[in-house]
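Worksheet for the structure shown next.
All residue numbers refer to positions in the sequence shown, counting from 1. Hydrogens, waters and symmetry mates are skipped; everything else that's a heavy atom, side chains included, is used.
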Amino acid sequence: MSTTNRRSFIGRGAAAAGVAAAAAVPGAAQETPSKKVIYRNGKKPAKTPLFNSTVAYGNLLFIAGVGAHFEGDIKAHTKHVLDQIQQQLESAGSSMDKVLKCNVYLNDLKDYAGMNEVFQGRFGEEPPVRTTIAAAGGIPGNSLVEIDVIATL
C-alpha cells in the first residue's frame with residue numbers, strides 16, 4: 001500500500017470511529033426511558049395486581065394477552081380480542097398500524113384458518129411480525145385465542 005493510500009485508509013477509519021463514538025454517547029437532551037403502567041380505569045388498584053395489562057416504556061407499548069371469555073367460535077373470539085386490543089392501543093395513544101410484534105396463542109391449531117380470516121387486514125397495509133402457536137393444555141378462561149402485542153406510541 002502506498003503512503004498516500006495508507007493515509008487515506010487511516011483517515012477514513014478515524015472518521016468512522018469518530019462517528020460511531022458520537023452515536024454511542026447519548027446527548028444531554030435525551031431522556032432516560034421509564035416504565036409507565038397504564039390502568040384501564042385510569043386509577044391504580046388498591047391491591048397489587050398479578051400483572052398489568054398495559055405498560056409503556058419510552059415509545060414502546062406492551063399489551064398483555066387478551067382473551068375472549070364467552071361462548072362462541074374462533075371468528076367471534078378473534079374479533080373480540082382484536083377489538084379489545086385496538087381499544088387499549090388507542091386509549092394509550094397508539095393504533096393497530098403501530099403494532100410491531102404480535103403473538104397469537106390458539107387453543108387448537110385447527111382454528112388457524114378461521115383466526116387468519118378475521119386477523120387479515122386488522123393491522124393495516126403493513127402488518128406486524130407475528131408468531132402463532134397452539135398452547136399445550138389450552139388457554140386460561142376457555143378462550144379459543146389469546147393475543148398480545150408490542151407497539152410504538
Keeping to residues at least two apart or across chains, list the salt bridge (charged side-chain N to carboxylate O under 4.0 Å, His left out) pairs with something in residues 99-117.
Lys75-Glu117
How many angstroms lie between atom CG of Asn103 and atom OG1 of Thr131, to the nearest 0.5 angstrom?
5.0 Å
How is the hydrophobic cluster of Tyr39 composed, in terms of its other members, when Ile, Leu, Val, Met, Phe, Trp and Tyr link through side-chain heavy atoms under 4.5 Å apart, directly or indirectly?
Val37, Val55
Does a side-chain heavy-atom distance below 4.5 Å link Val145 with Val104?
yes
With a 4.5 Å cut-off on side-chain heavy atoms, are Val149 and Val66 touching?
no
Sequence neighbours left out, what passes side chain to side chain donor-acceptor pair (under 3.5 Å) with Ser91? Give chain and number order.
none
Kindly state each residue pair satisfying salt bridge (charged side-chain N to carboxylate O under 4.0 Å, His left out) with at least one member in residues 76-93, sequence neighbours excluded.
Lys79-Asp83, Asp83-Arg122
Pairs flagged by ring-ring contact (aromatic ring centres under 6.0 Å, His included) wherever residues 48-69 is involved - sequence neighbours left out
none
With side chain to side chain contact (heavy atoms under 4.5 Å, CB included) as the criterion, how do Asp97 and Glu126 come out once you've worked through the C-alpha distance, each side chain's angles and the decisive distance to 0.1 Å?
CA-CA 7 Å; Asp97 59 353; Glu126 296 292 333; over 6 Å; no
Show, in sequence, the C-alpha distance, side-chain angles and deciding distance for Ile63 and Ile150, and conclude whether the side chain to side chain contact (heavy atoms under 4.5 Å, CB included) test is met.
CA-CA 6 Å; Ile63 296 180; Ile150 301 171; over 6 Å; no
Hey, could you give me the CG/CD1 distance between Asn52 and Ile38, rounded to the nearest 0.5 Å?
10.0 Å
Set of ring pair (Phe, Tyr, Trp, His ring centres under 6.0 Å) partners for Phe70, sequence neighbours left out
His77, His80
Interatomic distance, CG@Leu106 vs OG@Ser143, rounded to 0.5 Å, equals 9.5 Å
ring-ring contact (aromatic ring centres under 6.0 Å, His included): pairs with one or both residues in residues 121-153, sequence neighbours excluded
Phe119-Phe123
Just to verify, what does Thr132 make a side chain to side chain donor-acceptor pair (under 3.5 Å) with, not counting sequence neighbours?
Arg130
Look up atom OG in Ser53 and atom CG in Asp148, then write down how far apart they are to the nearest 0.5 Å.
12.0 Å
Those residues at least two apart in sequence (or on a different chain) that pass side chain to side chain donor-acceptor pair (under 3.5 Å) with Thr54 are Gln88
Would you call Leu82 and Ile147 a side-chain contact if the rule is heavy atoms closer than 4.5 Å?
yes
Test side chain to side chain contact (heavy atoms under 4.5 Å, CB included) on Val99 and Leu89; report intermediate values, then the result.
CA-CA 9 Å; Val99 173; Leu89 287 164; 3.6 Å; yes
Under 4.5 Å side-chain linkage, directly or through intermediates, the cluster mates of Ile133
Tyr105, Ile139
Could you point out which residue of Leu153, Thr152, Leu61, Asn59 forms a side chain to side chain contact (heavy atoms under 4.5 Å, CB included) with Lys98?
Thr152
Going through the checks in order, is the side chain to side chain contact (heavy atoms under 4.5 Å, CB included) test met by Asn107 and Asn142?
CA-CA 8 Å; Asn107 191 54; Asn142 296 320; over 6 Å; no
